[in-house]
Amino acid sequence: MNDKGLDEQGCIAREGSLGRIPREFRPVVAAARDRLTDVFGARMTSAYLYGSIPRGTARVGRSDLDLLLVLREEPTEADRTDARTLDEALDKEFAQIDGGGTLLVSRAQLLSDLERYDLGWFVACLCTPLLGEDLAEYLPRYRPDSLLARETNGDLALLLPRWRERIAGAADTEEARRPLVRFMSRRLVRTGFTLVMPRWNGWTSDLREMAEAFGAYYPERAAQMREAAVLGYEPVGDLAVLRSYVDGLGPWLAEEYARVHGVKAPRP
């Protein structure tokens with residue numbers, strides 16, 4: 001793998017592995033593996049880790065546990081309830097993590113043509129196999145091109161109205177806004193990075209490196225993106241930051257993204 005996350009064929013190399021999990025987080029992952037099997041059993045075809053824990057960059061007490069669970073059938077509300085209960089139990093039991101979330105998808109959805117350059121790419125390149133079959137075997141190799149950019153993050157314009165609703169509905173406290181700042185900062189930085197990804201010709205999941213890559217092509221917006229990268233790691237619940245995202249940086253980024261790469265294919 002080169003220093004831009006590509007293999008010798010110029011495709012995005014899979015990041016993360018079970019061997020990179022920091023020692024402090026291994027008990028958390030072991031518990032998650034056991035409980036996923038207990039809770040979902042035969043309903044589950046595959047389970048993956050993603051995020052900072054399998055990349056080896058997790059910070060004790062600051063990082064969350066990110067899981068993707070692939071079910072044989074479409075997830076039900078009962079499945080989602082089981083996943084939330086599991087997430088809450090792990091968060092309560094293990095001080096090493098600061099929350100967590102389990103994404104649920106069906107095998108058919110993941111391997112569908114519509115998701116090939118979104119969920120499919122996510123599993124093949126950003127997820128570490130934890131349990132069951134590795135569906136990356138059924139997916140193509142991915143290059144950092146405009147098609148991948150469009151299908152991963154070409155939906156920001158659709159998200160902004162929902163973000164405004166979430167901001168308006170959040171309690172008027174720093175604590176309530178902090179998760180929103182973290183989530184939106186990360187999404188904006190990743191979208192900014194994939195905007196320039198084909199020109200940069202590589203992949204990284206490091207927010208600061210993403211912001212620097214973006215800033216090389218959009219210097220007039222570089223400071224905003226660097227600040228968003230900082231807040232993605234160390235969020236503060238500042239309403240002014242959130243408003244700047246949905247009224248300033250976000251709309252500009254959505255418009256520029258559509259101009260450069262087009263809009264993501266509509267989902268049902």
Judged by modelled atom types alone, do Thr152 and Asp118 share a side-chain donor-acceptor pair under 3.5 Å?
->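 No, Asp118 and Thr152 have no side-chain donor paired with an acceptor closer than 3.5 Å.
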Does one side chain, of Tyr233 or Ser185, offer a donor that lies under 3.5 Å from an acceptor on the other?
-> no
Could you state the interatomic distance from [atom1] ([X]) to [atom2] ([Y]), rounded to the nearest 0.5 Å?
X      : Y     : atom1 : atom2 : answer
Leu68  : Leu49 : CG    : CG    : 10.0 Å
Ile12  : Leu6  : CD1   : CG    : 6.5 Å
Leu69  : Met44 : CG    : CE    : 6.0 Å
Ser63  : Glu24 : OG    : CD    : 11.0 Å
Leu131 : Leu67 : CG    : CG    : 9.5 Å
Arg84  : Leu86 : CZ    : CG    : 12.0 Å

For Arg59, side-chain hydrogen bond (donor to acceptor under 3.5 Å, both in side chains) partners two or more places apart |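 Applying side-chain hydrogen bond (donor to acceptor under 3.5 Å, both in side chains) to Arg59 gives Glu234.
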Kindly give the heavy-atom pair with the smallest separation between [X] and [Y], and that separation in Å.
X      : Y      : answer
Arg177 : Asp172 : NH2-OD1, 2.5 Å
Leu207 : Val189 : O-CG1, 3.5 Å
Thr128 : Ser17  : OG1-N, 3.5 Å

Ring centroid separation for [X] and [Y], is it under 6.0 angstrom?
X      : Y      : value
Tyr218 : Trp252 : yes
Phe25  : Phe94  : no
Tyr217 : Trp200 : no
Tyr142 : Trp203 : no

Test applied, side chain to side chain donor-acceptor pair (under 3.5 Å); reference residue, Thr204; option that passes from Glu15, Lys4, Glu209 =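 Of the listed options, the one satisfying the test is Glu209.
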Criterion side chain to side chain donor-acceptor pair (under 3.5 Å) against Gln224, the qualifying member of Glu227, Arg226, Arg221 | Arg221
Please walk me through it: do Ser106 and Glu74 pass side-chain hydrogen bond (donor to acceptor under 3.5 Å, both in side chains)?
-> CA-CA 5 Å; Ser106 70; Glu74 288 300 319; 2.5 Å; yes
Measuring only between side-chain heavy atoms, which start at C-beta, is [X] closer than 4.5 Å to [Y]?
X      : Y      : result
Asp247 : Arg164 : yes
Pro268 : Leu114 : yes
Ile53  : Asp66  : no
Leu188 : Leu156 : yes
Val105 : Leu71  : no

Is it the case that the side chain of [X] and the backbone of [Y] share a donor-acceptor pair, with hydrogens and angles ignored and the cut-off at 3.5 Å?
X      : Y      : answer
Asp64  : Gly100 : no
Tyr48  : Val70  : no
Thr173 : Ala176 : yes
His261 : Gly154 : no
Asp87  : Thr102 : yes
Glu174 : Gly237 : yes

Carboxylate-amine/guanidinium contact [X] [Y], below 4.0 Å:
X      : Y      : answer
Glu8   : Arg141 : no
Arg162 : Glu165 : no
Arg116 : Asp113 : yes
Arg43  : Asp79  : yes
Arg107 : Glu73  : no
Arg187 : Asp155 : yes

Phe183 ring centre to Arg166 NZ or CZ under 6.0 Å, with the angle to the axis within 45°?
-> yes
With the 4.5 Å side-chain cut-off for hydrophobic clustering, are Leu253 and Trp163 part of the same group?
-> yes
Pair Arg14-Asp134, salt bridge (Lys or Arg N to Asp or Glu O under 4.0 Å): steps then yes or no = CA-CA 12 Å; Arg14 193 176 219 168; Asp134 182 9; 2.7 Å; yes
